[in-house]
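Structure first, then comments.
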Amino acid sequence: MNFKSFVSLALLVAGMAAAAPSSSFMPIKESVAIPRGWVERAPAPEDHTLSLRINIKQRDGEALVRHLTEISDPLHERYGQHLSQVEVRELLSPEEESVSVVKRWLLEHGIDADSTSQGLAKRDPNVGDSILVNVPVHKARDMLGADFSVYQHERSGELVVRTTKYHLPEHVARHVDFVGGTTYFSTVGSLKKPASFELMPEGWEPTDSDLQSDALFKTVNAATSAPVECNTDSVTADCLRKLYGTSSYVPQVPNSQTIGVAGFLKEWANYADLKEFLQVERPDGANGTFDVVLLNGGQNPQNRTQAGGEANLDIQTVVGQTYPIKTTYFSTGGSPPFKADQNTPTNSNEPYYEFFSYLLGLSDAKLPSVISISYGDDEQTVPKDYADKVCQQIAALGTRGVTVISASGDNGVGSDGTCYTNDGKNTYGFLPSFPASCPYITSVGATQSFSPEVAVDTSIAGFYSGGGFSNYYQRPSYADAAQSAYATKQASSFKGLFNTTGRGYPDVAAQGSKFLIRYQARWVKIGGTSASVPLFSSIVGLLNDDRKAKGKSTLGFLNPLIYSKLAGSAGLNDITSGSSAGCDTNGFPAASGWDAVTGFGTPNFQALRTLTALSRPFQVAKRAVESLRYEEKKKGKGRNASVRGNSDDSVVEDLYSLLYLCTAKSIAYKPNLASSACVVTSI
């Protein structure tokens with residue numbers, strides 16, 4: 001059905017609709033402006049079926065965050081002691097009173113949430129904090145006092161049924177966070193296409209010059225003195241392994257974890273493309289493969305012409321870096337085109353919730369240790385209640401030992417000419433991205449070149465790395481010291497354009513320019529922060545392998561460790577050149593230390609391997625230092641002390657942790673490992 005016919009049908013049906021809903025008896029639960037780029041086309045057909053997700057308030061969200069804070073703080077005695085599936089479910093489950101209130105309200109509208117035969121409602125089986133209800137537009141209008149319309153995305157042509165405002169009875173509203181499938185105009189496709197995409201001619205094959213360095217960019221890794229040869233015009237898996245120091249590492253327990261890759265919007269990874277990629281760029285891993293899990297109507301077609309550029313980029317990067325660690329692609333539906341003549345439940349167009357809810361329902365043994373997400377929305381297009389829910393799901397995964405990693409975006413501080421608020425005021429300002437702005441996710445920016453690495457720009461990569469400060473979330477305590485000074489300094493240049501106290505991102509960076517991959521049986525050079533994310537995720541997966549081989553936990557939520565101990569260490573290469581140009585400005589500049597372009601910089605695997613090797617790294621060292629200071633103070637020798645170990649296990653552990661602290665630059669003087677000595681000057 002063409003759009004003209006569709007609009008005619010919608011208008012005809014709407015003409016027979018009942019009178020507008022009466023909502024005077026119910027307070028507004030949520031009200032949003034129509035996001036930029038979406039146009040209201042027609043009233044929604046009365047009998048079109050909507051999927052509404054009633055999200056019930058959870059039992060103890062504050063306790064969840066408290067657990068996450070302690071578990072991920074390297075100075076806390078609970079560091080690395082992740083929660084189980086059962087423990088997290090208990091924290092996220094709603095009170096029975098709340099569930100009962102919502103069920104009674106649904107029953108008043110003829111919906112029996114406990115009926116298996118009625119087929120109108122189903123409680124979320126993973127956490128139990130929501131009820132999915134399938135109802136026609138006319139019933140949804142009565143329930144929510146809402147007018148639903150058909151909206152079209154001007155760029156993609158996508159059609160969705162949404163409302164800009166809905167109501168709930170007051171006695172119900174206090175038990176409900178939000179109703180999904182109502183006000184979220186998903187533009188999760190904003191990062192769907194990689195920022196740069198150069199399809200090579202049919203039959204083109206890479207030559208030695210494509211796979212090796214050009215003379216201008218031959219360099220030496222400053223941290224390891226190992227030669228690194230890379231071609232800025234064709235970045236290969238071998239280049240990246242040498243650049244970040246993983247080429248000599250062989251995974252020791254590859255079956256002990258899974259690296260998960262999120263797939264949305266009909267992006268499908270192809271087995272044949274992966275095989276051909278590995279044969280050329282990672283021949284020792286030519287047998288590498290990946291599993292596929294289908295969620296919420298996701299699919300896995302293997303016709304080469306249906307392979308997705310983003311999906312192939314993600315999978316080929318992860319498998320090419322981490323073989324033979326297990327990789328799983330989660331093909332998630334949730335954004336089908338609206339069809340006026342299809343009287344079947346439409347997916348909620350909110351795939352983040354479906355994806356994270358599924359993961360939280362997995363057993364501890366099946367839960368991935370790392371999740372790579374190459375997608376994002378402008379933060380302001382995501383309703384705050386929905387963003388809060390997704391951000392809480394990410395925090396819950398962190399308590400279970402999962403590192404969730406996302407792209408920072410490909411438009412700098414915002415696409416030129418589009419940087420205005422969606423609140424009806426049309427205020428000019430920078431546009432942060434979600435979920436990168438969630439304080440419980442690790443966000444990754446992009447770099448290019450090798451001598452030295454710099455933030456991406458249009459000269460090579462063809463885009464500017466996203467970065468900025470959230471308008472939804474305040475700066476978390478773990479980042480305050482690193483980000484406050486930078487934000488204050490930038491405020492004078494960009495007065496009123498960003499939230500100086502908001503959560504800043506990205507946290508780290510990695511190469512993101514001109515990755516050479518296979519796509520639909522051809523070679524393509526592809527780039528974006530959506531390339532940086534699977535690359536950094538791979539580094540974390542390898543670090544987890546090293547830890548698990550030593551009987552230790554996965555790293556889980558990384559940011560407190562990054563900001564408190566890895567920042568400024570040999571584990572992260574500081575990037576000081578480039579900017580996040582956008583919104584018709586030069587954007588935020590790269591700088592020494594943390595910046596809103598590349599975070600704290602790019603990974604050095606071998607140094608990170610040392611810095612993340614201990615199960616109780618810093619709290620043990622802290623106690624050791626405090627004990628030493630106490631003893632020296634009693635002896636009148638002041639703060640400085642030379643520390644040496646003996647055969648006592650506890651002393652050796654304390655010494656090792658203390659040396660670890662020195663390496664991490666928490667103590668100013670670098671240790672002399674040969675003599676097992678470290679001068680304590682600060683903590």
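Computation of the quantities below employed the complete heavy-atom set of this structure, encompassing side-chain atoms and omitting hydrogens, waters and symmetry-equivalent molecules.
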If you count every heavy atom of other residues, nucleotides or ligands that lies below 6.0 Å from [X] atom [atom1], does the total exceed 12?
X: E202; atom1: CD; value: no
X: N300; atom1: CG; value: yes
X: K326; atom1: NZ; value: no

Any side-chain donor near an acceptor of the partner, [X] and [Y], under 3.5 Å:
X: Q152; Y: R41; value: yes
X: D314; Y: T317; value: no
X: S513; Y: Q448; value: no
X: T602; Y: E453; value: yes
X: S538; Y: Q321; value: no

query = Can I325 and N255 be said to form a side chain to side chain contact (heavy atoms under 4.5 Å, CB included), step by step?
reply = CA-CA 6 Å; I325 294 174; N255 295 322; over 6 Å; no

Just so I know, are the side chains of [X] and [Y] near enough to count as touching, which here means a heavy-atom distance under 4.5 Å?
X: I259; Y: P368; result: no
X: Q302; Y: W268; result: no
X: D507; Y: F536; result: no
X: L274; Y: V319; result: yes
X: L516; Y: K525; result: yes
X: S470; Y: E379; result: yes
X: V524; Y: M200; result: no
X: D546; Y: Y249; result: yes

About how many Å separate [atom2] of [Y] and [atom1] of [X], when rounded to the nearest 0.5 Å?
X: E354; Y: S51; atom1: CD; atom2: OG; answer: 8.5 Å
X: T554; Y: D545; atom1: OG1; atom2: CG; answer: 12.0 Å
X: R241; Y: S247; atom1: CZ; atom2: OG; answer: 6.0 Å
X: F185; Y: T381; atom1: CZ; atom2: OG1; answer: 10.5 Å
X: I371; Y: L359; atom1: CD1; atom2: CG; answer: 5.0 Å
X: N544; Y: T258; atom1: CG; atom2: OG1; answer: 11.0 Å

request  = Give the C-alpha distance, both sets of side-chain angles, the deciding distance and a yes or no for ring pair (Phe, Tyr, Trp, His ring centres under 6.0 Å) between W38 and Y151.
outcome  = CA-CA 6 Å; W38 289 89; Y151 295 85; 7.5 Å; no

request  = Apply ring pair (Phe, Tyr, Trp, His ring centres under 6.0 Å) to Y271 and F290, showing your working.
outcome  = CA-CA 8 Å; Y271 294 113; F290 60 96; 4.3 Å; yes

Under a 3.5 Å distance rule, please check whether [X] uses its side chain to pair with a backbone N or O of [Y] as donor and acceptor.
X: D378; Y: Q380; result: no
X: S579; Y: P589; result: no
X: S449; Y: S451; result: no
X: N559; Y: I441; result: yes
X: E281; Y: A237; result: yes
X: R36; Y: Y420; result: yes
X: R518; Y: D273; result: no
X: S580; Y: S465; result: no
X: N270; Y: G308; result: no
X: S256; Y: V253; result: yes

task = In sequence, state the C-alpha distance, the side-chain angles, and the governing distance for C239 and F450, and then conclude on side chain to side chain contact (heavy atoms under 4.5 Å, CB included).
result = CA-CA 10 Å; C239 158; F450 310 102; 3.9 Å; yes

task = Test ring pair (Phe, Tyr, Trp, His ring centres under 6.0 Å) on F469 and F588 and set out the steps.
result = CA-CA 10 Å; F469 297 83; F588 296 114; 5.4 Å; yes

ask   = Between F197 and Y519, is the gap from one ring center to the other below 6.0 Å?
value = yes

inquiry  = Check for me whether the distance between the ring centres of F605 and Y244 falls short of 6.0 Å.
reply    = no

Nearest heavy atoms of [X] and [Y], plus distance in Å:
X: F600; Y: A567; value: CE2-CB, 3.4 Å
X: P435; Y: G376; value: CD-CA, 4.1 Å
X: A269; Y: I315; value: CB-CG1, 3.7 Å

inquiry  = I'd like to know whether Y375 forms a ring pair (Phe, Tyr, Trp, His ring centres under 6.0 Å) with Y352, so could you lay out the CA-CA distance, the side-chain angles of the two residues, the decisive distance to 0.1 Å, and finally the verdict.
reply    = CA-CA 10 Å; Y375 301 80; Y352 289 136; 8.2 Å; no

message = Assess the residue pair E310 and S530 against the criterion (side chain to side chain donor-acceptor pair (under 3.5 Å)); give the C-alpha distance rounded to whole Å, side-chain angles, the decisive distance to 0.1 Å, and a yes or no.
response = CA-CA 7 Å; E310 184 58 61; S530 56; 2.9 Å; yes

message = Check this for me, if you would: do D238 and R282 make a salt bridge, where the nitrogen-to-carboxylate-oxygen distance has to be below 4.0 angstrom?
response = no

task = Output yes when R522 and E276 qualify as a salt bridge under the 4.0 Å nitrogen-oxygen rule, no when they do not.
result = no

request  = Check the pair Y505, S406 against side chain to side chain contact (heavy atoms under 4.5 Å, CB included), reporting the backbone distance first and the verdict last.
outcome  = CA-CA 10 Å; Y505 71 94; S406 76; over 6 Å; no

Worked verdict on K514 versus I526 for side chain to side chain contact (heavy atoms under 4.5 Å, CB included) = CA-CA 5 Å; K514 294 195 173 185; I526 194 168; over 6 Å; no

request  = Show your working on side chain to side chain donor-acceptor pair (under 3.5 Å) between T529 and D410 and close with a plain yes or no.
outcome  = CA-CA 6 Å; T529 53; D410 299 333; 2.7 Å; yes

